[in-house]
Structure formats: structure tokens, C-alpha cells
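The block underneath contains the structure these notes are about, expressed in C-alpha cells.
As the structure is a computational prediction, the values presented were derived from the model and not from experiment. Chain A is the first sequence line, chain B the second, and so forth, proteins listed ahead of strands; every chain is numbered from 1.
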Amino acid sequence: MGRYKIKAFGITKDIVGGRETVVEVEGNTVSELRLSLQGKYPGLTTLKSLFIAVNNAYADEQTAIKETDEIAMIPPVSGG
Amino acid sequence: MGRYKIKAFGITKDIVGGRETVVEVEGNTVSELRLSLQGKYPGLTTLKSLFIAVNNAYADEQTAIKETDEIAMIPPVSGG
Amino acid sequence: MIQITEHNINIEEIVKAASRHEAGAVNVFIGTVRNHTKGRNVLRLEYEAYEAMAISEIKKIVDEAILRWSLLGCAISHRVGVLTPGEVAVVVAVSTPHRADSFTACQFIIDTLKQQVPIWKKEVFEGGEEWISATP
Amino acid sequence: MIQITEHNINIEEIVKAASRHEAGAVNVFIGTVRNHTKGRNVLRLEYEAYEAMAISEIKKIVDEAILRWSLLGCAISHRVGVLTPGEVAVVVAVSTPHRADSFTACQFIIDTLKQQVPIWKKEVFEGGEEWISATP
């Protein structure tokens, strides 16, 4: 159980209404974080994909997170 | 039978000793012109290839030439 | 040289940064803002990057390209902020000893950048706006 | 725009000449003078062109590229005269709506240019000189 500050970019910024949001998570994995985010912001489930980055790198579902990590939502990228 | 002025580029300029040469040709085809050139300048036979251009386009061996045509020797190209 | 910038990209500067005297070939890809997509008139694009991660992801792509091809130099610049049609959004330049590798490596980098690097664009067209590729 | 020139090639100018507002992609190939080839130290290259025919042959290549890919713009500049290592010998820039075509078309043009266009280079290296590709 923890309180995580999550950065938002692109369409996720519009969905959460700002550059950052805070969620309470039951557990300490990316997978559990994702469930909390989707519970709080159902709009996130409409995206083509949603990756989570931990400390500036793509994380997989089993990655453990700490409250001090830099965590970000990565909706489908469209650079170039 | 005719007298043809031929432009020379790249290594052919060194072989004929100038930017232009004049050859007498028995006949009026590129093929016969080539024989005359190679007779006068045996060094031309050592090239990897030697195309003849007539009026700014590659000509084939059967192409008929006139003394008023712009004719050039095209040794292997190496632009770029 | 890897750069995320709010300013106009100077193509000549990126090419210079990628060039090497031992290299005979430089390939450059320039992505520009089109004035229409899917039949819509594009007014502007708004680019946003997760900058620290974007630079780190681009570095990974470049490292892979160095391993796979004989990359001698590489420079990449990506714009963020508001861009209008005709403006340069991204420049990728690579130099290699021989030219075929320069094409292959440059195409690999831009293709992979578009798939992996956390940069987003919102298209603002006549009558609406859309985060590109975000929803099915 | 097709150009044979004795002056430095301005890459930005060639890119501009090839760019179109309907195009999203520009690919640019830049051939530069290497400081060594086959283990020899290159002092300079001397380029010579049969200019009228070179321009006409480049036009044929561009026309074929326009037919085969969705080429929107194309600009080509080739240097002649004396060039030293690091200098730009040739620039080919093409613009297309989508990026894969820009790579394919640009590579086709430079590959075909090197095979067909009457331009020659003499390499002057430490201890000698050679017309490149002239003899077996």
C-alpha cells in the first residue's frame, strides 16, 4: 500500500486533468499501479496502449515500484 | 568515311592527350568509330568499359553518326 | 548529439554533428509537418516529450545502430512545442563508411524512434484536434 | 533542381528545393570525400563532368523515380573541381508523402547516378593518383 506521484503526458494529461496525479495503490507492482490508475480514471482504458515508465525506462507488469521512483504514464507515442 | 571530332573526359583525356581528338572513320556507326579510336589510341582498350555518347545520350554500337553530331567518349563513370 | 528542442532545427548543424572525415556517406531523414492528413487541413501540431526518458530511449536506439551497422557518427534532433505546416519536426543524420549502411541505419533509427520514444503529437486541424495514435 | 557546381554545396538550400508542404518526409544523401580509401591517404579528389549530358542523365533518373515512387520534390547537386577530405561531393534530396518511399527513392537515385551519370573522379593520394574505376 502506497501513495504514488505519476507523471502524465499526451492524452493522459487530458484524462487526468494535469501534468501529474497521485494514486493510492494496494501493492507495489506496476500491474497494481495500473489497476489503481484505471479505477480512478476509466478514460485510460480507452487508449490503444498504456505503458508505465519507472525511472525513465519502460517497466513490465512485474516491476516493483517505490514511492521515491519517478513514475510516468506512456500513452501511444507519436513522435517524428 | 568521315572526320569526327570526339570529346574526351576522365582517363580518356589523359590517353588522347587533350579534351578533344579527331579521328577518321571508315563508315558511319558508333562501332566503326570505336575501332578507329582504339586503332589510334591503343590505351583505350585497357579501360574497364568505354561508351560512346552521341548528342548527350548513350549510343549503342549500331547508332549512325554524322560529322555534325556532338560525340564523346565515356570511360567508366565514378561520380558521387 | 541527441537534442530535444523548442527552437527551429538547423539541418546543416545536425549534418555537421553526424559527419566524420573517415565516413564517405551521410544519410539524413527530415520529418516535416504536412499541411493535410486524412483529408483534413492541418493548422498546427503540438509536440510534447518526456524529455529525460526520450533522450535515454534515443540513446538506446543509437547504441543498437552502432552495433549493427558501421555507424561513425549520429545526430538526432526532435522539436517540441507548436509547429506549423512546412516546419521541421525531426532530423536524424548518420554517417557510415559506405552508403548502403547509411540508408539502412537511418531508416532503422527513425522507424524505432517513432515506435518507442516518449514523444507525442496533437494534431490541430480545421474543426478539431486529436492526439495522434492514442485511441483505436 | 539539378545542379553541377564548382562551389560549395549548401545542404540547407538543396533540402529546401526538394521540400513540399504536402510532403511529410525528406530523405537526403550526402556523399563526402573520405580521408582514406584502400589504406591510402587521400590528399584530394578532382571531379570532372560532361555537364550537359550529366544533367540530362540525372533528369532521366529523376523522371523514373517520380514514376516509381510518389516523389513530390527532388533536388540534386554535384560538385566538380578539386575537393579535399570532408568536403561534400554530392547531395540528393527527395520528398515524399510517406517516409519509406523517401529512403527507397533517394537510394535509387544515388545508386543509379553512380552507375550512369558522366562524372569522373581522380583520386590524388600520397604517392600517386588514379581515375577511380577506370581500369580493371
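Side-chain contact annotation: D/E123 with D/T37, donor-acceptor N/O pair under 3.5 Å present.
For B/E32 (side chain) and B/T29 (main-chain N/O), a donor-acceptor pair under 3.5 Å exists by modelled atom type.
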Inset, instruction - Under the salt bridge (Lys or Arg N to Asp or Glu O under 4.0 Å) rule, what do B/K13 and D/E48 come out as? Steps first, then yes or no, please. - result: CA-CA 11 Å; B/K13 209 177 50 182; D/E48 186 185 344; 3.0 Å; yes
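Both the backbone and the side chain of D/W120 come within contact range of chain B, with heavy atoms under 4.5 Å apart. Both the backbone and the side chain of D/A134 come within contact range of chain B, with heavy atoms under 4.5 Å apart. Contact of D/S56 with chain B is made through the side chain alone, with heavy-atom distances under 4.5 Å. The contact between B/Y58 and chain D is made by backbone and side chain atoms together, counting heavy-atom distances below 4.5 Å. Contacts between D/A54 and chain B at a heavy-atom distance below 4.5 Å are absent for every atom of the residue. Looking at D/Y50, the atoms closer than 4.5 Å to chain B (heavy atoms on both sides) sit in the backbone and in the side chain alike.
Ring pair D/H78/D/Y47: centre-to-centre distance below 6.0 Å.
Of all heavy-atom pairs spanning D/S95 and D/A18, the tightest one is OG-O, 2.6 Å. Nearest approach of D/T5 to D/S77, heavy atoms of both residues: CG2-OG, 3.6 Å.
Ranked by heavy-atom pairs under 4.5 Å with chain B, the first of D/E130, D/Q115, D/K122, D/Q116 is D/Q116. For the options B/I74, B/N55, B/N56, heavy-atom pairs under 4.5 Å to chain D are most numerous at B/N56.
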